[in-house]
Amino acid sequence: MLLLAAAFLVAFVLLLYMVSPLISPKPLKLAGTHVVVTGGSSGIGKCVAIECFKQGAFITLVARDEGKLVQAKKEIEKYSVNDKQVVLCISVDISKDYRQVENVIKQAQEKLGPVDMLVNCAGMAIAGNFEEIEIDKFARLMEINYLGSVYPSRAVIPTMKERRMGRIVFVSSQAGQLGLFGYTAYSPTKFALRGLAEALQMEVKPYNIYVTVAYPPDTDTPGFAEENKTKPLETKLISESSSLCQADQVARVIVKDAIQGNFNSSVGSDGYMLSSLTCGMSPVTTITEGLQQVVTMGLFRIIALFYLGSFDSIVRRCMMQKRDSQKSCKTD
């Protein structure tokens, strides 16, 4: 009986490997394509643009700061692989007015052709205790991190559907996979991107359009440096449990997964574990991927419980230190 069960399992696994390539999307070749990158003037966005430019793509950079856009354009142009490549810069706040964003996308398509891939990198983070964060910051973060991805995606979808091809990338965060101390304003905006991506993927997959959600860890960017200025001690200590990644490393992974049409994009072993743990009902690119998630889920949940216990311990220690400090101040 055991031999029969083992034989059945082996046959099932082999069948999955045989069927898997049949449902995988055809990789997108970037040479000659038009890639739009929001938040492309710095950080991960700029590195994504560089990576795509290296592969022969035409780039449209969208960001608010015109000076940073010009500087980023000069840096990206150093990586051209042919004389025909172009980097177009458009300065606009993509979180405010959909019609303005729609016009910007039309401008870009008139100059460089239809958009083949959109990478939504624009975003910002605010860290702090829930009751200490200014109330208007909650709405502002939702505008930038969520609506700032909805508007450009909505603008490119009609053309992608007409052409029956395209890639859309949402850059979320590991804080969009689990809620952490200090991220009560930030995490919900990144969680929202996953819900958008899952629903959108179901709508557009019949049109040969594939959606990717990237969950980068803490990454060495100007935005991360700004975030650290207000980050609570608890959040800093929890963040130190994983290493700081470089923006170019994260960008390479994102571009690779987008090209392959992978729904999930994660960096490193921690990222892989988090993606497997939180996969839920999210789409899989191959049956093999789904099987790996099923097999590893139990083990990863055990590991995650140790992490969660460690995080709770950090919060308790910090609370005790604050209490002792307050007592000391009162005594003095």
Side-chain angles (χ1 to χ4, degrees), residues 27-31 33-82 85-91 94 108 112 115-125 144-145 148-149 152-153 167-176 190 193 211-228 239 242-260 262 264-268 270-271:
L28 176 70
K29 294 181 179 178
L30 287 181
T33 61
H34 180 192
V35 178
V36 174
V37 184
T38 69
S41 62
S42 64
I44 294 173
K46 183 175 72 174
C47 290
V48 165
I50 289 172
E51 188 63 28
C52 293
F53 205 64
K54 284 179 180 178
Q55 297 186 39
F58 291 69
I59 305 294
T60 295
L61 296 177
V62 181
R64 286 176 293 178
D65 192 315
E66 196 167 348
K68 288 182 180 178
L69 277 170
V70 172
Q71 189 60 40
K73 171 183 166 75
K74 291 177 182 177
E75 188 174 340
I76 294 165
E77 286 174 337
K78 296 175 185 176
Y79 296 92
S80 64
V81 293
N82 62 65
Q85 281 179 277
V86 174
V87 179
L88 176 66
C89 293
I90 301 177
S91 174
I94 58 169
L112 299 182
V115 177
D116 296 284
M117 184 161 84
L118 167 67
V119 186
N120 292 291
C121 281
M124 68 175 291
I144 296 171
N145 294 347
S149 292
S153 301
R167 296 286 193 274
I168 295 178
V169 181
F170 298 103
V171 178
S172 179
S173 163
Q174 286 187 350
K190 292 300 188 176
L193 289 177
V211 176
T212 298
V213 189
Y215 300 103
D218 285 343
T219 306
D220 189 10
T221 64
F224 182 72
E226 188 65 28
E227 173 194 338
N228 275 337
S239 296
S242 60
S243 58
L244 186 66
C245 286
Q246 297 303 308
D248 58 345
Q249 174 195 2
V250 173
R252 281 194 296 271
V253 173
I254 291 173
V255 172
K256 180 183 175 184
D257 284 326
I259 287 171
Q260 295 296 326
N262 295 334
N264 284 304
S265 178
S266 57
V267 179
D270 285 351

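It should be emphasised that the depicted structure is a prediction, and the values quoted were computed from it without experimental measurement.
- Paired with Ile168 under the rule side-chain contact (heavy atoms from CB on, under 4.5 Å), one option of Val213, Asn120, Thr212 passes, and it is Asn120.
- Remark: of the listed residues Pro216, Ser265, Ser266, Ser265 is the sole one forming a side-chain contact (heavy atoms from CB on, under 4.5 Å) with Val253.
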Criterion side-chain contact (heavy atoms from CB on, under 4.5 Å) on Ser153 and Leu118, from CA distance to verdict: CA-CA 7 Å; Ser153 301; Leu118 167 67; 3.6 Å; yes
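- Looking at Val36 and Pro152, their side chains never come closer than 4.5 Å, going by heavy atoms from C-beta outward.
- Counting all heavy atoms, side chain and backbone alike, Gly271 lies closest to Gln174 at CA-NE2, 3.6 Å.
- From Asn145, atom CG reaches atom CZ of Phe170 across 13.0 Å, with rounding to the nearest 0.5 Å.
- A distance of 11.0 Å separates CD1 in Ile90 from CD in Glu66, rounded to the nearest 0.5 Å.
- A donor-acceptor pair under 3.5 Å is formed between the side chain of Gln85 and the backbone N or O of Ala57.
- In terms of modelled atom types and a separation under 3.5 Å, the side chain of Arg252 and the main chain of Glu51 share no donor-acceptor contact.
- When all heavy atoms of Asn264 and Tyr215 are compared, the closest pair comes out as OD1-CE1, 3.4 Å.
- Using a distance-only test at 3.5 Å, with no hydrogens or angles considered, no donor-acceptor pair links the side chain of Lys190 to the main chain of Ala175.
- Between the side chains of Asp116 and Thr33, no donor N or O sits under 3.5 Å from an acceptor N or O.
- In plain terms, the two heavy atoms of Cys121 and Val171 that are nearest each other are SG-CG2, 3.5 Å.
- Note that CG of Leu30 and NZ of Lys54 are 13.0 Å apart. Values are rounded to the nearest 0.5 Å.
- Expressed to the nearest 0.5 Å, how far CD1 of Ile254 lies from CG of Asn262 amounts to 12.5 Å.
- The nearest pair of heavy atoms linking Cys52 to Met117 is SG-CE, 3.7 Å.
- Checked against Phe224 for a side-chain contact (heavy atoms from CB on, under 4.5 Å), the options Asp218, Thr219, Ile44 give a single hit: Asp218.
- How far OG of Ser243 is from CG of Asp270: 7.5 Å, rounded to the nearest 0.5 Å.
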side-chain contact (heavy atoms from CB on, under 4.5 Å) between Thr60 and His34, intermediate numbers included: CA-CA 8 Å; Thr60 295; His34 180 192; 2.7 Å; yes
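- To the nearest 0.5 Å, atoms CG (Leu244) and OG1 (Thr221) are separated by 8.5 Å.
- The backbone N or O of Asp65 lies less than 3.5 Å from no partner atom in the side chain of Ser91, so there is not a single donor-acceptor pair.
- Of all heavy-atom pairs spanning Ile259 and Arg167, the tightest one is O-NH2, 3.1 Å.
- Taking a 6.0 Å sphere around CD of Glu77, one finds it holds more than 12 heavy atoms contributed by other residues, nucleotides or ligands.
- Gln246 and Asp220 make their closest contact through OE1-OD2, 3.8 Å (heavy atoms, listed as atom of the first residue, atom of the second, distance).
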